[in-house]
**Student:** 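Quick one: the structure is below, questions incoming.
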Amino acid sequence: MSYQSIQHVLKTAKSGTVVTIKGWVRTKRESKNAVFIALNDGSTINTIQAVAEAGQLPDETLKLITTGACLAITGTIVESQGAGQAIELKLDTVHVYGPADPEKYPLQPKRHSLEFLREIAHLRPRTNTFSAILRVRHALAFAVHSYFNDNGFFYLNTPIITASDAEGAGEMFRVTTLDATKPPLSDDGKVDYTQDFFGRETNLTVSGQLEGELGAMALGKIYTFGPTFRAENSNTTRHLAEFWMIEPEMAFFELEDNMNLAEDFVKTVIRYALQHCADDLAFLDNRLKEEEKNKKKEEQSELGLLDKLQFVISNEFERLTYTEAVKILVNSKPAKKGQFQYEVSWGVDLQSEHERYLVEKHFKKPVILTNYPRDIKAFYMKQDEESDAAPGRTVRAMDVLFPGIGEIIGGSQREDDYEKLTARMQEVGIDPEALWWYLDTRRFGSAPHAGFGLGFERLVLFVTGMGNIRDVIPFPRAPKTAEF
Ligand code: 4AD
Ligand code: MG
């Protein structure tokens, strides 16, 4: 049976045409004269209402048409009599693919809490909120690939299983085929990984960067877009154990070029979502407005979702150094009144409360912080010359901070000097031997280069206005959470 998507029918609808649509019942309503069935097929947030006359459908069919049931409906497009939709279908025939027992189907046409929906993650894509999020997520992923393709980058697939645990970006998940109850031991009593599948200890990757750099030093400009894994036990609304990261890496780029690219890139993909997901974003904008109403006045945000997205794409990000930011924070009201939970002074890693103060209270726009103390950043970042502008040694790092999110991007120019890089590795206790292949790029044809990582779910979180990162990925992985 040929059929059309609801999105297509709504876009091209001509009164009098006969069409078949297939999807899941959102609501069924019966009046004295007619039965109204709202059908949604996931192609759009919108539903099509099919109308049958009273008595047109046999009782046994009618009984099966309940919220969640899957149907094919053939009918004639007519201008709608009711409010809320331009067209409807005058139902001709209906086929029930699969009923959904109303006694047992957990999704009823009412507002369910996000917490409850997380427990039924296998069904939540059938709600307006989650189908909207998933369509926006798709659009953003598509925009990421087109942005890089349009700008001369090559998509590089870096490995998911890795033997290098040297990046230090986070705790890793071990990958092994050894018997967990009786692994082979070597003489010193430790697990003998030479007998493991890869003949060495392996883990799931925390980042594709190190291999990405190898690609950039051959192809010029590359990007990765793949899953990354971190085993930190951080049960926050911003962390997942499995998340998707986009990591561009560019030969001949320095810190400033890196910042320009990051800013242009995020703005372009957000603009794409605004242009291509208008209905979904309007729905999410509304949803947020309803939520805000339940908040205290002082906690309500000043801008709605659409206004916030427009604001971000039409204003320049604020750029300043870590050292300048710390000065602002030290002199801020919350610091003086002791309202920050964590104290701030030069050399500390900024906490999310500090980042959010800078972005949401002080500058009221996205911020790029640069030139962090080298002791709180990764070994591979390009070392700054010592300078009077900062109390200690710094590196050419950059973090992009977003309102409501905190860090959305982390990146840097890379140390391209072989001597400086190996010296730094030794200082922080990384054996240069273990990363001999990484260091080879600095031995043969080294060049300035830079890159960054964007947490894809943090971007989706920002664009959809959701509050918890577990709600912007279909099946979240977090501590004690791997059901679906
Ligand atoms: O700042 P991070 O750790 O940087 C790196 O991994 C570098 N290798 C990137 C690079 O330079 N190529 O992570 C990058 C971004 C963060 O800014 C954040 O958006 C996201 O990844 N991120 C997470 N997102 C969800 N859950 C987590 N546990 C995350 N950890 C980092
Ligand atoms: Mg970071």
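In this text, all values refer to a predicted model and were calculated from it rather than measured experimentally. We count ligands from 1, going down the list as the structure has it; atoms in each ligand are counted the same way.
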**Student:** Tell me the nearest of H239, K377, M245 to atom 14 (C) of ligand 1, using heavy-atom distances.
**Tutor:**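 Nearest heavy atom to atom 14 (C) of ligand 1 lies in M245.
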
**Student:** Tell me every residue that passes salt bridge (Lys or Arg N to Asp or Glu O under 4.0 Å) with E415, counting only those two or more places apart in sequence or in another chain.
**Tutor:** K382

**Student:** Run the salt-bridge test on E316 and K365 with the 4.0 Å N-O cut-off and return the result as yes or no.
**Tutor:**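 Salt bridge flag = no for K365 with E316.
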
**Student:** Identify, by atom number and element, the atoms of ligand 1 in contact range of G411, meaning under 4.0 Å from any of its heavy atoms.
**Tutor:**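 What qualifies from ligand 1 is 11 (O).
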
**Student:** Check ligand 1 against E407 and write out every atom of the ligand that is under 4.0 Å from a heavy-atom position of the residue.
**Tutor:**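 This gives 1 (O), 16 (C), 17 (O), 19 (O) as the contact atoms.
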
**Student:** Got a sec, which residues hit side-chain hydrogen bond (donor to acceptor under 3.5 Å, both in side chains) with N235, two or more places apart in sequence or on another chain?
**Tutor:**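 Counting only residues at least two positions away or on another chain, N235 forms a side-chain hydrogen bond (donor to acceptor under 3.5 Å, both in side chains) with R470.
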
**Student:** With a cutoff of 4.0 Å, is M381 in contact with ligand 1, counting heavy atoms of the residue only?
**Tutor:**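 No, M381 has no heavy atoms under 4.0 Å from ligand 1.
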
**Student:** Determine, for F317 and K267, whether the Lys NZ or Arg CZ falls below 6.0 Å from the six-membered ring centre while staying within 45 degrees of the axis.
**Tutor:** yes

**Student:** Does the ring centre of Y342 sit less than 6.0 Å away from the ring centre of H354?
**Tutor:** no

**Student:** For G455, take its heavy atoms, then give the atoms of ligand 1 lying under 4.0 Å from any of them.
**Tutor:** 15 (C), 19 (O), 20 (C), 21 (O)

**Student:** Taking the non-hydrogen atoms of R230, is any one of them nearer than 4.0 angstrom to ligand 1?
**Tutor:**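 Under 4.0 Å: yes for R230.
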
**Student:** Can you tell me how far CZ of R442 sits from CG of L421, rounded to the nearest 0.5 angstrom?
**Tutor:**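 Atom-to-atom, L421:CG and R442:CZ are 5.5 Å apart.
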
**Student:** Name all pairs fulfilling the ring-ring contact (aromatic ring centres under 6.0 Å, His included) condition that reach into residues 461-484, sequence neighbours left out, sorted by first residue then second.
**Tutor:** H122-F484, F402-F462

**Student:** Provide the protein N, O or S atoms situated under 2.8 Å from the Mg ion (ligand 2); waters are not included.
**Tutor:**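 Listed by chain and number, the nearby protein N, O or S atoms are E407 OE2.
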
**Student:** Determine, for K295 against E291, whether the closest basic-nitrogen to carboxylate-oxygen distance falls under 4.0 angstrom.
**Tutor:**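 Result for this pair is no, no salt bridge flagged.
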
**Student:** Under 4.0 Å from a heavy atom of R414: give me the atoms of ligand 1 that qualify, with their elements.
**Tutor:**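 Those of ligand 1 that fall under 4.0 Å from R414 are 10 (C), 11 (O), 12 (N).
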
**Student:** Answer whether the closest heavy-atom distance between the side chains of L454 and L459 falls below 4.5 Å.
**Tutor:** yes

**Student:** Give the numbers and elements of all ligand 1 atoms closer than 4.0 Å to a heavy atom of Y380.
**Tutor:**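 Counting from 1, the qualifying ligand atoms are 7 (C), 8 (N).
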
**Student:** Around F197, counting heavy atoms of other residues, nucleotides and ligands shown, do more than 12 lie under 6.0 Å from its CZ?
**Tutor:** no

**Student:** Side chain, backbone, both or neither: which part of D399 comes within less than 4.0 Å of ligand 1 when only heavy atoms are counted?
**Tutor:**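 Neither part.
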
**Student:** Would you tell me which option among F243, F402, F456 has the nearest heavy-atom contact to atom 29 (C) of ligand 1?
**Tutor:**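 The option holding the nearest heavy atom is F243.
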
**Student:** Under a 4.0 angstrom heavy-atom cut-off, which atoms of ligand 1 come close to E247?
**Tutor:** 7 (C), 8 (N), 9 (C), 10 (C), 12 (N)

**Student:** If you measure from each heavy atom of R238 to ligand 1, is any distance below 4.0 Å?
**Tutor:**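 The answer is yes, since R238 has a heavy atom less than 4.0 Å from ligand 1.
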
**Student:** Do ligand 1 and L454 have nitrogen or oxygen atoms that lie under 3.5 Å from each other?
**Tutor:**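 Checking ligand 1 against L454, no N or O pair falls under 3.5 Å apart.
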
**Student:** Just to be sure I read this right, does ligand 1 sit under 4.0 Å from the backbone of I409, its side chain, both, or neither, counting only heavy atoms?
**Tutor:**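 Only the backbone of I409 comes within reach of ligand 1.
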
**Student:** Salt-bridge test for R424 and D417: reply yes if a basic N is under 4.0 Å from a carboxylate O, no otherwise.
**Tutor:**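 No.
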
**Student:** Please find the pair of heavy atoms, one from W346 and one from A390, that lie closest to each other, and give the distance.
**Tutor:**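 Distance-wise, the nearest heavy atoms are CZ2-CB, 4.1 Å.
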
**Student:** Is a donor from one side chain sitting under 3.5 angstrom from an acceptor on the other, for Y147 and D264?
**Tutor:**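 Judged by distance alone, the side chains do pair up.
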
